[in-house]
Student: 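Mind having a look at this structure? Questions to follow.
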Amino acid sequence: MTIVHHPSEETLIAFVNGSLCEGNSLVVATHIAHCGKCQQAIRDLGMIAGGLLEQAEPAPIGKEARTACLSKLDDLPVEDVNAGTQPLRIPAADRAMAPLSLYDSGKWHWVGVGVQQMVVDVPSDTGTRVFVLKAAPGTRLPDHRHVGTEWTCVLKGAFVHDHGRFGAGDFDEADASVDHNPFVEKGEECICLVAMNGHVEMTGWLGRLIQPLVRF
Amino acid sequence: MHGPSGDAPADQAPEELIARIALSQDKSAFAELFDLFAPRLKYFLIRNGSTSEAAEELAQEALLKVWRKAKSFSADRGTASSWIFTIARNLRIDQARRDKRAQLYAMVAEFDDVDPDRPDELVSGYEHARLVRAAMGELPAEQLEVVKCSFMEGAAHSEIAERLGIPLGTVKSRLRLAMRKMKKTLEDLA
């Protein structure tokens, strides 16, 4: 599998830093699960974060707070490591779907001609909606424009738009600057994991017609 | 941490301090680790938007977690500082009980597929950290500043641009240059 499209540096840093919402984190984690390069990149970024922490200018902690903290140690055992608390090693073949498997999801339902959607149950206080989208081979999605952001990781098949071809594992960060008209390659259905903030506006006459029907 | 005179022991690497906690519940090792990291975590958290009180609280909580979890730290997988950063980050986001991000992070940290650019990646966590520090040390100050802001403030590029008074494109290109340079240094050294 050759992955061409990766998350931006800004996005990977925000992931490592914990500043992405959970829905966006899930899509980034799913890309990482597909991508050895980004697995290495987040290890590097973790080290860089540690390095920055070491070099950070200390903000003094109050003497009393320090004493209080140290006095807690007597009642706080250093825990033994048991196998149950260690993360499981997931075989390479199962990795791609492993992040998504942490979440419950609903049933498939049709949202347009040749397009089915399955909502993923990701709690959100930022209004991010997460879903899996399955489109039949050759489907052309109506012209649409993003209001907000839409992050996608391809799970199967491929789609093509102005910014190139996106196959399994590829990551697509679309925002308001993208006005696109994606289509699914012929031959294989395309399944994507999507996190959407804001909404999508249909731009063509057909799009405007079906806008009320399309909830994604 | 220790004055220049007297017979205070030389400062130990934080990895050593964690090992002493794991081995013998060593409180003096904890105190040393506390003095090294709690104030720096506090600073980090304040820059990330916490109030001074909340940052102090969370920094202490993180250090107590380091104490409890000392036996699960493994020096060949990472440095003490990156581990402590991770603990503080997870505490910060863990406030919502249903939030599974900490599980996502733990999961992706275990993945070890081959990076086509660095196929022979066999360096230990310690060696990796040394290389990363070396790579960071070689960055021009203006690039390092943008890297720092991205990490510490978790800020979007547009906010960083505003705060530093430079155009958005410059923030993006400096970060990209910094990351590319560090990657190159790491690939050359590995």
Side-chain angles (χ1 to χ4, degrees), chain A residues 9-10 13-14 16-20 22 25-26 29 32-33 35-37 39-62 65-66 68-70 72-73 76-81 85-90 92 95 98-99 102-103 122-123 125, chain B residues 21-22 25 27 30-31 34 38-40 42-44 46 56 59-60 63-64 67-72 78-79 81-82 84-86 89 92-93 96 98-101 103-104 106-108 110-118 121 128-129 132-133 136 148 150-152 154 157 175-176 179 186:
Chain A
E9 297 291 359
E10 182 179 13
I13 290 173
V16 168
N17 189 35
S19 39
L20 292 183
E22 190 168 2
S25 298
L26 172 58
I32 293 169
C35 179
K37 204 183 177 67
Q39 288 167 24
Q40 187 57 54
I42 60 163
R43 272 192 284 278
D44 288 349
L45 292 174
M47 293 290 183
I48 293 170
L52 290 170
L53 178 60
E54 287 167 20
Q55 293 172 12
E57 180 185 316
I61 303 269
R66 181 183 185 276
C69 190
L70 292 178
K72 287 182 185 158
L73 300 181
L76 202 65
V78 175
E79 293 169 11
D80 281 322
V81 182
T85 60
Q86 291 297 87
L88 291 175
R89 242 193 90 78
I90 298 166
R95 281 179 191 167
L102 291 175
Y103 296 88
V122 179
D125 46 19
Chain B
I21 296 170
Q25 314 228 347
K27 285 182 196 158
F30 179 82
F34 186 95
R40 292 186 164 82
K42 182 179 172 185
Y43 175 80
F44 229 81
I46 290 172
E56 187 159 311
Q60 291 175 66
L63 264 299
L64 288 172
W67 167 268
R68 285 199 290 126
K69 299 288 177 193
K71 288 182 186 172
S72 20
T79 52
S81 57
S82 59
I84 294 171
F85 170 85
T86 307
R89 174 200 63 197
R92 187 160 54 78
I93 61 176
R98 284 182 67 212
D99 196 308
K100 290 184 183 149
R101 275 181 289 174
Q103 271 172 273
L104 281 177
M107 182 185 270
V108 299
E110 293 294 307
F111 295 154
D112 53 359
D113 297 318
V114 174
D115 174 359
D117 292 339
R118 257 185 283 171
E121 180 76 33
H128 187 184
V132 168
R133 276 192 209 108
M136 278 166 69
K148 263 187 198 166
S150 303
F151 272 98
M152 292 195 182
H157 284 177
L175 186 69
R176 202 171 308 130
M179 289 299 159
L186 286 166

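Letters A, B, ... mirror the listed sequences (proteins, then strands); counts begin at 1.
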Student: Report yes or no: does A:E9 contribute a side-chain atom to a donor-acceptor pair with the main-chain N or O of B:L175 at less than 3.5 Å?
Tutor: no
Student: Which region of B:F44, side chain (C-beta onward) or backbone (N, CA, C, O), has a non-hydrogen atom less than 4.5 Å from a non-hydrogen atom of chain A, or is it both or neither?
Tutor: side chain
Student: Look only at the side chain of A:Q39 and the backbone of B:D112, and say whether a donor-acceptor pair between them is shorter than 3.5 Å.
Tutor: yes
Student: If only atom types and distance count, is the side chain of B:K100 paired as donor or acceptor with the main-chain N or O of A:L102 below 3.5 Å?
Tutor: yes
Student: Checking A:K72 against chain B: side chain, backbone, both or neither under 4.5 Å from a heavy atom?
Tutor: side chain
Student: Where is the tightest heavy-atom contact between A:A92 and B:D113, given as atom of each residue plus distance?
Tutor: CB-OD1, 4.0 Å
Student: So which of B:Q103, B:R176, B:M136 has the largest heavy-atom pair count under 4.5 angstrom toward chain A?
Tutor: B:M136
Student: Sort A:I42 into side chain, backbone, both or neither according to what part of it lies under 4.5 angstrom from a heavy atom of chain B.
Tutor: side chain
Student: Is A:V122 close to chain B through its backbone or its side chain, or both, or neither, when contacts mean heavy atoms under 4.5 Å?
Tutor: neither
Student: Suppose we screen for side chain to side chain contact (heavy atoms under 4.5 Å, CB included). Which residues come up paired with A:A68, at least two apart in sequence or across chains?
Tutor: none
Student: With chain B as the partner, which of A:L45, A:I48, A:I32 has the greatest number of non-hydrogen pairs under 4.5 Å?
Tutor: A:I48
Student: Tell me, for A:L20 versus chain B, whether the close heavy atoms (under 4.5 Å) come from the side chain, the backbone, both or neither.
Tutor: backbone
Student: Looking at residues at least two apart in the chain, or sitting in another chain, which of them share a salt bridge (charged side-chain N to carboxylate O under 4.0 Å, His left out) with B:R133?
Tutor: A:E54
Student: Does any non-hydrogen side-chain atom of A:L73 lie less than 4.5 Å from one of B:L64?
Tutor: yes
Student: Between A:A49, A:A14, A:C35, A:G46, who has the most heavy-atom pairs with chain B when the cutoff is under 4.5 Å?
Tutor: A:A49
Student: Any salt bridge between B:R101 and A:E22, counting N to O under 4.0 Å?
Tutor: no
Student: Non-hydrogen atoms of chain A under 4.5 Å away: do they reach the side chain of B:R89, the backbone, both or neither?
Tutor: side chain
Student: Below 4.5 Å from any heavy atom of chain B, which atoms of A:P60 appear? Answer side chain, backbone, both or neither.
Tutor: backbone
Student: Check whether any side-chain heavy atom of B:D99 sits under 4.5 Å from a side-chain heavy atom of A:P123, and report yes or no.
Tutor: no
